[in-house]
Every structure is written in structure tokens, then in C-alpha cells.
Amino acid sequence: MGQTLLQKVWDLHTVRTLPSGQTQLFIGLHMIHEVTSPQAFDMLRRRGVGVAFPGRTFATVDHIVPTLDQRRPFADDLAEHMMAALERNCDEFGIRIEGLDSERQGIVHVIGPELGLTQPGMTIACGDSHTSTHGAFGAVAFGIGTSQVRDVLASQCLATAPLRVRRISVSGELGPGVYAKDVILEIIARLGVRGGVGFAYEYGGEAVGRMTMDERMTICNMSIEGGARIGYVNPDETTFAYLEGRPFAPEGDVFERAKQWWRSMASDPDAVYDDVVEIDGSVIEPRVTWGINPGQSVGVSETVPDPASTGSAADASAIGEALDFMGLDAGAPVAGTRVDVAFLGSCTNGRLSDLREAARIVRGSRVARHVRALAVPGSVKVRRAAEAEGLDEVFRSAGFEWRGAGCSMCLAMNPDRLNGREVCASSSNRNFKGRQGSPTGRTLLMSPAMVAAAAVTGEVTDVRTML
């Protein structure tokens, strides 16, 4: 009987099965940032323990860094404290760090792949829930808590439970104006925000096979929003072409040998899955969230749901709560919803291809007068590449603010945040209450192209009318 990629990678990294039934899993790559690591290092010090394999841990700064004024010390004392703590910890324990003075700095889930640190067949952990992004390369990657960050630093291992595997096959061809963001929002809407609990999601099918690595990263990034701890795509020629020549990727003959091994890690043709879901990609349209979790989305041509039309009291209550918070009317079209802020960026959609698509929409146009618009590259490398193509000037001319690399308004642990009841068209990954810095701020998740369209028109707009 064939095996899935998850089973193969899991078996190769299993140290032993613990009495609890959990696996002691060896972690090939550990990535850290300034928010979830300080307490972990303090735990090591209290126990008199060092870092077992400092060469397998890689640090960057992203969550709290300002994207407008990055001079030190930061205006925010807490942000400066966390930044200084990471620098001190990396220096003390011999861990490589890409700080604000580095051309390799950026969001942890953007720089890992672009540097070639992320490779097929690896186990990857990071104190950030969107570590599933790295699964786009055929890696088993997942987010961990601070106590687990401590464990990986101390032992390079984790105690974790095995997962079932759900194969999600997206067939057909995506239509114009439909992107990977729309695909993952469709998946989460169908399966629910808890549908993936206990599962790893394996994404495949014709539509996924045609996607670029950037697009695959977008889908895998939001696996956690669907309840799955891990999401991955089997490695193929697209994967290998992306990795070749990256700073930390193998070179020459070693790269060719690595490709052969990476291919062997892909799920076998006769692999058995715990569940299989089939989705026709040709019928997916641009999607917009209307509520307070990523599963609450509709196609841009559709209407906001009515609590009275659901057969479940719990569903009716959840819909009612969301509509009340968002200030939307049941049954109203989602298109035409006014926006106050447009945010391009995040580990979901802050890559060069995302900025290119958004720039294609705003080129020659102006941001609506009442809209505040930010374009935030996911890394210094993305920013430099975008500027080399003149994308920064496209955004500036349209009325966007062009910022430095960082997480920015995705979670607002920095100066980039919503004010009061502002409504934000966002290319990020979460629309929870208070997620973007204001307890009453409202977030509409959509693709970068849809964000660009909303910025120009001042309201939710079907980007297909602007292509």
C-alpha cells in the first residue's frame, strides 16, 4: 500500500513513539521571530539548558517592526524590548538572525522559501500558526506554542500527535480574476473553520498543479484557518525550478541528487487517504469574507446570508453575531460594501506576484478619496524587486503608501492598525474581531487584486470588471 507525503516525512523524522502515543519528532528547520521566542529563551536559562543545534534555527524580525519609520529605538517601548531580546538571545546562543540591517529580513514565511531554507521532505516548526505556508514545497510544517519553541531549542524535537490526511483536489481551470486566495477561501467556506481539526490537508488536482509556488504558498498558508495544522502540495518540477539557485538550496550535482530524493517524497499514486474532497475550480469566483472568521465568505456576486434561512440554531446565532458586528444587512449584496482602508501585504499575499497583480489593477487610477491604502512587501528582497520593476511608483502614483517589509496591518502589533469602526479590504488571513488593531475594526479578506479594486472604487468591487 502506498504512502502519503505526510507519512513518509513523519516516519523519517520519528525518533520514537512516546508512552502517551505521541511521536517524538525531529525538526529539521526551526524558524523564530521576536514575539514568541523571548519567553522560550528565558525558560532555557532558568533550566541551565543551551540550544542543541543552533545551526538548525534561523531568526528574523517581522511582527512588531514598524513599516514606516524603522529607526531604533522604536517609538513603541514593548516592540523595542522584544526586538532587543531577540538580538541578545541570538547572540548569546549562536543563532543566525536577519535583522532590520539585513537585505534578507522579512516575514518569516516569506524569507524561508525565498532563501531556499524551505525544502521538500523537511519538518519545519515556528512559533507562528501560519508555518503551514512552507508545506507548499512538500514539507511538513506547522506552528507551535512558546513552550514548544523551548523544546525545539533544547532538543530539536517535539512531542506531537500523528494526523490524518485529507486530499483536497481542485480540478479544472481558474477563471480570469480568480486567484489562489479565492480557492482557499472557497475550501474553508465549504469545509468550515474546524473541518480540518486532526487533519493535514494535501492539496492537488489540475488547478493546483498549474499554480506557481507563490500561489501554492497562499493556499497552504491558510490551512490553519480551516482547522488543519498542516497543509502541503507534493513537490514537482515547479518546486524544483523555484528552489534552484536559492542561497541555502543545494548546488550543482548535489541539487540534482536532491531532486531525485524530493520526488520520492511525493505521495504515491496508490496512497490511501482518510478523506477526499473534490472541488471544481472553474466555478469559483472572487470571494470576500463578510463575517468574523475566514469561513464566513461569499462569492463577490452573492449576498450576505440571512440567519433565518439556516436550519441550525447555532449557525443562525453565529451569522447574527457576525452581521451585528460587521454592520451588514442579511441578504444584502456583498459588492458595494464601503471600505475605509485597503491593505496589501502579509505572509499570505505579500510576495512579488501579489504586488504585480494589484499594481495591474491600480495602474493609471487613483485611490478613492476616503480610502487609506498601504502596500507592504513581505520582505526586503520583495521590496527591492518591486522597486526595480517600478511597482512602488505605480502604487505611490495611485495614492498608496509604500512601506518597508513586515507583518504590518495583518495583526497590528505595530503602528499599522485600524481606527475605530473602519472597514478594511485586506489581503491578509484573519478577520477576527480586533485582529487589525481596533476592537471595533472590521476586516474583509480578499485577494490582492480585489483589494486593489476596492481601493480604487472605495467599495467591494468585482475585479473581473476591471481586468
Practice task
State whether Glu357 and Arg351 are salt-bridged, where the test is any N-O pair (Lys NZ or Arg NE/NH1/NH2 against Asp/Glu carboxylate O) under 4.0 Å.
Solution key: no

Completion exercise
Minimal heavy-atom distance between Val339 and Ala425, with the atoms involved, is CG1-CB, 4.1 Å

Fill in the blank from the handout: Heavy atoms of Ser426 and Phe343 approach each other most closely as OG-CD2, 3.4 Å

Problem - Distance under 6.0 Å and angle within 45° of ring axis: Arg166 vs Phe199 - result: yes

Exercise for the section: Give the intermediate values and the outcome of salt bridge (Lys or Arg N to Asp or Glu O under 4.0 Å) for residues Arg356 and Asp354. Expected result: CA-CA 5 Å; Arg356 283 173 177 158; Asp354 300 313; over 6 Å; no

Handout entry: Heavy atoms of other groups near Arg194 CZ, more than 12 under 6.0 Å
Key = no

Problem - Arg403 and Asp416 ion-paired at < 4.0 Å - result: yes

Exercise for the section: For the pair Ser267 and Glu202, evaluate side-chain hydrogen bond (donor to acceptor under 3.5 Å, both in side chains) and give the outcome as yes or no after the intermediate values. Expected result: CA-CA 9 Å; Ser267 296; Glu202 177 180 301; 2.6 Å; yes

Problem - 4.5 Å side-chain heavy-atom contact, Leu445 and Ser428 - result: yes

Handout entry: Lys/Arg N to Asp/Glu carboxylate O, Glu186 vs Lys181, below 4.0 Å
Key = no

Handout entry: Note: Arg216-Asp236 ion pair, threshold 4.0 Å (strictly below)
Key = yes

Handout entry: Between NE2 on residue His63 and CE on residue Met413, distance to nearest 0.5 Å
Key = 7.0 Å

Problem - Val371 and Val341, any side-chain heavy atoms less than 4.5 Å apart - result: no

Handout entry: side-chain hydrogen bond (donor to acceptor under 3.5 Å, both in side chains) between Arg104 and Thr60, worked out
Key = CA-CA 9 Å; Arg104 292 176 171 178; Thr60 190; over 6 Å; no

Handout entry: Val233 side chain reached by Met213 side chain, heavy atoms, under 4.5 Å
Key = no

Exercise for the section: State whether a side-chain donor-acceptor pair under 3.5 Å links Ser379 with Gln105. Expected result: no

Handout entry: Sidechain N-carboxylate O distance under 4.0 Å for Asp268, Lys8
Key = yes

Exercise for the section: Tell me whether the centres of the aromatic rings in Phe137 and Tyr242 are closer together than 6.0 Å. Expected result: yes

Handout entry: Identified salt bridge (Lys or Arg N to Asp or Glu O under 4.0 Å) partner of Glu422 from the options Arg338, Arg442, Arg372, Arg417
Key = Arg372

Exercise for the section: Kindly indicate whether the side chain of Met31, heavy atoms from C-beta on, has any atom under 4.5 Å from the side chain of His134. Expected result: yes

Practice task
Run the salt-bridge test on Arg246 and Glu114 with the 4.0 Å N-O cut-off and return the result as yes or no.
Solution key: no

Practice task
Would you please indicate if the ring centroids of Phe26 and Trp10 are separated by under 6.0 Å?
Solution key: no

Problem - Backbone N/O of Asp340 and side chain of His370: donor-acceptor pair under 3.5 Å - result: no

Problem - Donor-acceptor contact below 3.5 Å, side chain Arg56 vs main chain Leu29 - result: no

Practice task
Salt-bridge test for Arg210 and Glu215: reply yes if a basic N is under 4.0 Å from a carboxylate O, no otherwise.
Solution key: no

Handout entry: For Ser37 against Ile32, the heavy-atom pair lying closest together
Key = CB-CB, 4.3 Å

Handout entry: Validation row, ring centre His109 to ring centre His130 under 6.0 Å
Key = no

